[in-house]
Amino acid sequence: MGRHRTDELDDGYHAPRRRSSSGRGRVLVPLAGALALAILLGVAAFVIFNRERGCTGDPLALRVVATPDLSPALNKVAGSFNKTGKAVDGRCLAVTIVRESAAKSANSLVNGKLDADMWIADSSLMVGRLRAGEAGAGLPGPSGSIATSPIVLVAAKSAAANLAKSLQPSWQGLISVANVANADGPGKKVRVLALDPAKNSAGLGALVAAAGAAKEAGLGDEQLVGALKKLSEQIAADPAALLASLTVKSGSKVPVGVSSEQSVWAHNAKKSASPVVPLYPEDGTLSLDYPVVITSKDPVKQRAAAAFQQELGTEAAQRTLREHGFRTPDGKGGSALAEDKGFAAAAPQALPSPDVKNVASMAQMWSRLNLGTRMLALLDVSGTMAYPVPGTGMTRMQAITKIAGEGLALFEADSEIGVWSFSTLLDGQKDYKELISVGPLSEMVDGVPRKQILGQQLATVQPKATGDTGLNDTLMAAYAEMKSTYERDKINTILILTDGAGNDDPTGKVTNAQMVEFLKKEYDPKRPVNLLIIAFGPDAPKGKKQMDAMAEASGGEAYIAANILDVRKFFVQGMKRRLCAPNC
């Protein structure tokens, strides 16, 4: 009779062999069993829980792209929402918030590359402008607003009292202090910082509001253009950078900027040691309104997006948004915007919503004003420049170089500028001589910044006592030079600074009539090189007719300066022509 094994069963299961008396096996076996039981119970609980919530299958993922200022509040709302078990077609919603700038999202949306089922931009201005363009004509429109935040002026809390002496908190006041043409105005005491309208909706809204205020106040285009040009020189890419710079001392000017009210709250919440305060424009303002755009084309995702949008309108979600410094769509604020923290209890007066064409026009104005500058300045050094200017105590040469310094000081560091002097026979048989080549003012030339060399040249240049005025030969050479080196991304200009006597060159090869015909022939509206002629002195009126003819032939302008400070206005008027070029 064979030996029977009690550890063999008919179903093939083999019981484990008995281990040694170390005890390890006795511990592992119950643990393994407990773990298996826990997993089974967990799965069962998950299934039962989802069934109770009406969910089956995999969660329905909803990807929401929102602006950085909005993301913290939305993450909190989404976290609570995901726990509620809200279902669409029997599948529980799982909302994910993705943080991205509105400008980047807008660009991706137009190019068909936005990875989102729902987009919450910061402003209807941006969405409307996007949809008005050819590329965005088929894009969906907003389906509502979830919050608002007024666009305000802002300053360091420590500087607000001093600022009040120089700046009226209004868009009209902002234009006044930023006007580059008013050298002796309030801008001497205030430094204005701007948000780039091309990248930030608060910056775009401020631009539109300021332009509307200028029109309402009857201010001329020159004042607006001068202010916008100045603003473009001190620009921040985002509110955080702008607000941080307000608390950094730089010279004697008090800095003031533009931001959304919510950005002020966010800055103070993070940097309580260097607080800033909102200055509410007395002439009213526009607000960021955080519109919802449902971008998914999937009907199920569209219903899911609508469900989350509905959640964003609940009292709980709105309370969360108010806790993060936002106002409700109707302007109601929460404790975050308390008066003892420097905020206004009631929302500021709302300006009428601008139409899409107006917004697009202002954006285009900003873009054109901020095209780079490439300029060759022709400086008259003929014998008549040694004559005194009655009532000024200066010679014509001194006055012209001072005018040149005033004008060239208006250009930013990346402007490309060079200078030729002209008279007769200055460089062999040539009537002109290059003092410094055209290039960026910030560029180093022989170890010295070009801007510094320009200043030195203007300070030391002297008239040629026996020199005539070889303007036409010089201008023909300069025009050929600027056309051959034309740069499409810049405004290409020839600036003539003279006493206005015009061409006076006995040995010259080009007559006045030939000069005008040359300019008419060479001017190309697709690659325009414009003349800006500024004359100063008693002889200027005599040459005005010829100056006007040359300027008109090249799509430019000619001016006679009554005093040196007029030159700032002339440069601003020249900048204004950028808005209509080449069809001015």
Side-chain angles (χ1 to χ4, degrees), residues 179-188 220 222-223 226 230 375-411 417 419-424 426 432-433 435-436 451-471 474-475 493-505 531-548 550-551 556-575:
N179 186 7
V180 73
N182 187 5
D184 295 318
K188 292 180 70 174
E222 287 78 13
Q223 290 191 51
K230 186 66 176 178
M375 177 183 288
L376 174 57
L378 306 180
L379 186 63
D380 188 348
V381 296
S382 58
T384 56
M385 297 298 289
Y387 293 175
V389 180
T392 67
M394 292 185 291
T395 64
R396 296 182 186 181
M397 187 82 260
Q398 290 170 330
I400 288 295
T401 54
K402 198 163 185 179
I403 283 173
E406 279 285 326
L408 298 179
L410 301 179
F411 293 94
I417 295 177
V419 178
W420 292 1
S421 59
F422 72 93
S423 178
T424 48
L426 286 185
Y432 56 91
K433 182 178 181 180
L435 300 182
I436 184 167
K451 186 174 183 177
Q452 184 177 331
I453 296 176
L454 279 171
Q456 293 169 351
Q457 291 286 356
L458 292 175
T460 58
V461 68
Q462 296 294 323
K464 182 178 179 180
T466 59
D468 294 310
T469 311
L471 173 59
T474 299
L475 179 54
T493 303
I494 295 175
L495 168 65
I496 301 174
L497 294 166
T498 178
D499 61 4
N503 188 72
D504 180 18
D505 183 7
L531 294 189
L532 175 59
I533 307 173
I534 299 177
F536 181 77
D539 290 336
K542 301 176 185 177
K544 187 65 163 64
K545 184 177 180 180
Q546 176 66 8
M547 287 191 295
D548 285 341
M550 291 192 301
E557 286 284 354
Y559 303 100
I560 295 178
N563 60 71
I564 291 172
L565 291 181
D566 275 349
V567 71
R568 285 180 173 261
K569 297 178 183 178
F570 298 154
F571 272 90
V572 170
Q573 288 170 355
M575 293 172 186

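Worth saying up front: this structure is predicted, and the values here are computed from it rather than measured. Only heavy atoms go into these numbers, but all of them, side chains included; no hydrogens, no water, no symmetry mates.
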Heavy-atom pair with the smallest gap, counting every atom of [X] and [Y]:
X	Y	answer
Q456	T460	O-OG1, 2.8 Å
Q398	G393	OE1-O, 4.3 Å
G405	L458	N-CD1, 4.0 Å
P463	A386	CG-CB, 3.9 Å

How long is the span from the [atom1] atom in [X] to the [atom2] atom in [Y], to the nearest 0.5 Å?
X	Y	atom1	atom2	result
L378	L435	CG	CG	10.5 Å
T401	Q457	OG1	CD	12.0 Å
I534	I560	CD1	CD1	11.5 Å
L532	T493	CG	OG1	7.0 Å

Is the shortest side-chain heavy-atom distance between [X] and [Y] below 4.5 Å?
X	Y	answer
W420	L376	yes
V389	F536	yes
D499	I400	no
L379	M397	yes
N503	L475	no
V381	L426	yes

Any salt bridge linking R396 with D380? Criterion: basic side-chain nitrogen under 4.0 Å from a carboxylate oxygen.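 Not counted as a salt bridge, because no side-chain N and carboxylate O are separated by less than 4.0 Å.
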
Residue pair L471, D505: steps toward the side-chain contact (heavy atoms from CB on, under 4.5 Å) verdict: CA-CA 8 Å; L471 173 59; D505 183 7; over 6 Å; no

Could you point out which residue of M550, E557, Q546 forms a side-chain contact (heavy atoms from CB on, under 4.5 Å) with I533?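 For I533, the side-chain contact (heavy atoms from CB on, under 4.5 Å) test succeeds with only one of M550, E557, Q546, which is M550.
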
Mark yes when over 12 heavy atoms from residues, nucleotides or ligands other than K433 sit less than 6.0 Å from its NZ; otherwise mark no.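 Counting other residues, nucleotides and ligands, NZ of K433 stays at 12 neighbours or fewer.
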
What do you reckon, is NZ of K464 surrounded by more than 12 foreign heavy atoms closer than 6.0 Å?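 Yes, enclosed.
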
Please say which of T469, D504, T424, T498 ends up in a side chain to side chain donor-acceptor pair (under 3.5 Å) with S382.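 Going through the options one by one, the only one that passes is T469.
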
